[in-house]
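Notes follow the structure.
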Amino acid sequence: MATHLLSGNDESILRTAVHDLVDDLVGEGDRSMMVDEFDGAEYELRLVVDAAQTPSFLTDKRVVVARDVGRFNADELKPMLEYLGDPLESSDLVLVVNGGSVPKKLADAVKAVGAVTNTSPPSRPKDRQGWIVDHIAAAGLRIKPDAATQLGAWLGEDA
């Protein structure tokens, strides 16, 4: 199906993006039967790979979410990189990197089979203003350009 790598330095924006993506992937399906989530310092990346390699049961696909994958070193990433070389068609994989940088090998492997998304607001003021306007529009609201400028100035780097 699809592989997604989401990263960002604002936890609330990143969590919202992951939640929205998982909702889209699940669609009308039963979330409790389709989604496997891995979070916290306790899980190992091989468990995520095992879940992604397991064919779905009683549903048309499986969604596997692994949070904070940026904490894994190069050796620990090997099973994931091998899996990304030949992912299971019935699994959607969502990898989440909180803050920090995305390991280059992981980003390259995901780019080859899926999408890499950085949810962080832009750092340049003009780009940040466009980002704010886009998010306001996505929420179904309309705002005048001068109001968007004032909002961008007021929020500053804390968009």
Side-chain angles (χ1 to χ4, degrees), residues 1-132 134-135 138-139 155 157-159:
M1 291 270 175
T3 301
H4 304 270
L5 175 64
L6 287 88
S7 65
N9 55 16
D10 184 301
E11 188 170 339
S12 68
I13 294 172
L14 181 59
R15 284 199 171 270
T16 299
V18 171
H19 180 270
D20 293 347
L21 175 61
V22 171
D23 278 352
D24 288 344
L25 294 173
V26 170
E28 297 295 319
D30 183 353
R31 186 182 186 103
S32 65
M33 300 218 20
M34 295 175 71
V35 179
D36 286 326
E37 291 200 53
F38 297 86
D39 196 0
E42 299 297 317
Y43 80 90
E44 296 177 26
L45 203 50
R46 67 176 177 75
L47 299 174
V48 176
V49 172
D50 288 346
Q53 287 178 328
T54 303
S56 56
F57 180 69
L58 300 176
T59 61
D60 60 339
K61 68 178 178 177
R62 169 183 295 253
V63 178
V64 179
V65 181
R67 298 181 191 277
D68 198 21
V69 295
R71 69 181 171 89
F72 295 105
N73 64 37
D75 286 338
E76 294 168 324
L77 282 173
K78 285 181 183 176
M80 179 59 68
L81 298 175
E82 289 174 12
Y83 170 77
L84 292 172
D86 186 24
L88 188 64
E89 280 297 314
S90 63
S91 291
D92 287 325
L93 181 60
V94 179
L95 303 172
V96 183
V97 177
N98 303 358
S101 62
V102 177
K104 182 169 175 22
K105 287 184 178 183
L106 181 61
D108 291 344
V110 172
K111 283 179 190 174
V113 296
V116 176
T117 305
N118 184 342
T119 63
S120 297
S123 58
R124 292 185 7 202
K126 187 167 181 85
D127 295 339
R128 193 168 41 246
Q129 180 180 337
W131 183 86
I132 290 168
D134 291 345
H135 279 75
L155 289 172
E157 292 183 17
D158 194 20

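- Using a 4.5 Å cut-off on side-chain heavy atoms (C-beta onward), Asp68 and Val96 make no contact.
- Atom OG in Ser56 sits 8.0 Å away from atom CE in Met34 (nearest 0.5 Å).
- Distance CG/Leu84 to CG/Leu95: 6.5 Å, rounded to 0.5 Å.
- Note that the CG atom of Asn9 and the CG atom of Leu14 stand 9.0 Å from one another [nearest 0.5 Å].
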Evaluation steps, side-chain contact (heavy atoms from CB on, under 4.5 Å), between Leu45 and Leu77:
CA-CA 7 Å; Leu45 203 50; Leu77 282 173; 3.6 Å; yes

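- Without hydrogens or angle criteria, Tyr83 side chain to Leu88 main chain gives a donor-acceptor distance under 3.5 Å.
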Go through it in stages, so that I can follow the logic: the residues are Asp50 and Val48, the test is side-chain contact (heavy atoms from CB on, under 4.5 Å), and I'd like the CA-CA distance, side-chain angles, deciding distance and then a yes or no.
CA-CA 5 Å; Asp50 288 346; Val48 176; over 6 Å; no

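- Going from atom CG of Asp36 over to atom OG1 of Thr54 covers 8.0 Å, rounded to the nearest 0.5 Å.
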May I have the step-by-step check of side-chain contact (heavy atoms from CB on, under 4.5 Å) for His4 and Leu21, ending in yes or no?
CA-CA 9 Å; His4 304 270; Leu21 175 61; 3.6 Å; yes

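- Across all non-hydrogen atoms, the minimal contact from Asn118 to Gly8 is OD1-CA, 3.9 Å.
- Remark: Asp20 CG to Arg15 CZ distance equals 13.0 Å, nearest 0.5 Å.
- With salt bridges taken as basic N to acidic carboxylate O contacts below 4.0 Å, none links Lys78 and Glu82.
- Here the closest non-hydrogen pair linking Ser91 and Ala51 is OG-O, 4.5 Å.
- A cation-pi arrangement is not found for Arg71 relative to Phe38, the charged atom failing to lie both closer than 6.0 Å to the ring centre and inside a 45° cone about the ring normal.
- Thr3 contributes no side-chain N or O that, together with a main-chain N or O of Val113, makes up a donor-acceptor pair within less than 3.5 Å.
- Although no hydrogens or angles enter the test, the distance criterion places no donor-acceptor pair under 3.5 Å between the side chain of Arg67 and the main chain of Asn98.
- Side-chain contact between Val18 and Val65 is present, with at least one heavy-atom pair separated by less than 4.5 Å.
- The residues Arg62 and Asp92 are annotated as not salt-bridged, no charged nitrogen and carboxylate oxygen being separated by less than 4.0 angstrom.
- The nearest pair of heavy atoms linking Val102 to Ala107 is CG1-CB, 3.8 Å.
- For the atom pair Glu44 CD and Phe72 CZ, the distance stands at 8.0 Å (nearest 0.5 Å).
- With Val94 as the fixed residue, the side-chain contact (heavy atoms from CB on, under 4.5 Å) test singles out one of Val35, Val69, Leu25: Leu25.
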Could you give me the CA-CA distance, side-chain angles and deciding distance for Val22 and Arg31, then say whether side-chain contact (heavy atoms from CB on, under 4.5 Å) is met?
CA-CA 9 Å; Val22 171; Arg31 186 182 186 103; 3.5 Å; yes

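- Applying the 6.0 Å contact sphere to CD of Glu76 captures more than 12 heavy atoms from other residues, nucleotides or ligands.
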